[in-house]
Structures are given as structure tokens and as C-alpha cells.
A.B. asks: 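First, the structure itself, so that you have it in front of you.
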Amino acid sequence: MKLSCKYILILQVAYLASALFGCSRHLITFPLVSMTKTENPAKTKSIGRVKQQYCDTEDPIVATPDGDPALIDEVILRAQKANHADYLRNASLTRSGWRLQCIEVEAEGLKAL
């Protein structure tokens, strides 16, 4: 079967678009999470929506004992630090990127009172 140039061009454009824009996959949603606090807060104050991304090509703050970045820990910690949040409520984590190498978190940031 011989493919026409038009059909080949459409396939190439589709492949390029998927490589550039990638896809995303929901991983998990945490009702309440923190990388800096261990106790359950008695009272909190909302500081609004926070969103953060971490890709495995960036230098990690948190690493596993074998030296690999702990992607979920990393993105949660970065979201907390960037937004001065003690906790993240309803933290939805998603994997994205052309080879799913990035983790994104979107949540409500909270400060402990």
C-alpha cells in the first residue's frame, strides 16, 4: 500500500503536535498534605489557589536515598515554599510533558494559625 504525501504530512504534524504538547495523566488527590509540617492543624487560613510544576530535568531539593528525585515530594515542597504555605488542601497531582517527565500540583494553599 502506497501512502500519499498528504497522508504522511498529516501523520508527521500529528506526531509533532503530540511531542510538543504531550498529554497529562491525573495521579492522585490529597485532602491535606505538607512537606514541612507533621501535625494536623487546629486552625488554618486560606491563601488562595497555588499551582506548581517540577520536571525531572531540574535540580531536586528532595531526593531518595539512591539519589533520584522524589517528584511528588519535590513539587509539593516547591509549591509550599513558592507560596509560603504550610499545607495544601485538595492537592491534585498530574503528570505531564511529552514524556510525562513533569509533575504539577494545583491546590488551595493554607497557613496555620
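No experiment lies behind these values; they were computed from the predicted model shown.
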A.B. asks: Check whether Phe30 and Leu71 end up in the same hydrophobic cluster, where Ile, Leu, Val, Met, Phe, Trp and Tyr are linked by side-chain heavy atoms less than 4.5 Å apart.
C.D. replies: yes

A.B. asks: Establish, from distance only, whether the side-chain atoms of Ser96 and Glu104 form a donor-acceptor pair under 3.5 Å.
C.D. replies: yes

A.B. asks: Hey, could you give me the SG/CZ distance between Cys102 and Arg95, rounded to the nearest 0.5 Å?
C.D. replies: 9.0 Å

A.B. asks: Does any non-hydrogen side-chain atom of Leu32 lie less than 4.5 Å from one of Asn40?
C.D. replies: yes

A.B. asks: Using a 3.5 Å distance criterion without hydrogens, assess whether the side chain of Ser34 forms a donor-acceptor pair with backbone atoms of Asp86.
C.D. replies: yes

A.B. asks: Would you say the side-chain atoms of Gln101 pair up with the backbone N or O of Cys55, donor to acceptor, closer than 3.5 Å?
C.D. replies: no

A.B. asks: Please tell me whether Glu108 and Ser46 have a donor and an acceptor in their side chains that are separated by less than 3.5 angstrom.
C.D. replies: yes

A.B. asks: Are Ile28 and Met35 connected in a single hydrophobic cluster, I mean Ile/Leu/Val/Met/Phe/Trp/Tyr linked by side-chain heavy atoms less than 4.5 Å apart?
C.D. replies: yes

A.B. asks: Got a second to check how far Lys51's NZ is from Glu106's CD, nearest 0.5 Å?
C.D. replies: 5.0 Å

A.B. asks: Any chain of hydrophobic side-chain contacts (each under 4.5 Å) joining Leu27 to Val33?
C.D. replies: yes

A.B. asks: Looking only at non-hydrogen atoms, find the nearest pair between Lys45 and Leu113 and report the distance.
C.D. replies: CB-CD2, 3.9 Å

A.B. asks: Looking at every non-hydrogen atom in both residues, tell me the closest pair between Leu93 and Ile103 and how far apart they are.
C.D. replies: CD2-CG2, 3.7 Å

A.B. asks: Taking Leu88's backbone N and O only, do any of them form a donor-acceptor pair with Gln80's side chain (distance below 3.5 Å, no angle check)?
C.D. replies: no

A.B. asks: Are the side chain of Lys111 and the backbone N or O of His84 linked by a donor-acceptor pair below 3.5 Å?
C.D. replies: yes

A.B. asks: Between Ala85 and Gly109, which heavy-atom pair has the shortest distance, and what is it?
C.D. replies: CB-CA, 4.2 Å

A.B. asks: If you define the side chain from C-beta out and look only at heavy atoms, does anything of Arg89 sit under 4.5 Å from Pro31?
C.D. replies: no

A.B. asks: Is there a path of hydrophobic side-chain contacts, each under 4.5 Å between heavy atoms, that joins Tyr87 and Val50?
C.D. replies: no

A.B. asks: Rounded at 0.5 Å granularity, tell me how far CZ in Arg78 sits from CG in Asn83.
C.D. replies: 13.0 Å

A.B. asks: Within the 4.5 Å heavy-atom criterion, are Ile47 and Leu110 side-chain neighbours or not?
C.D. replies: no

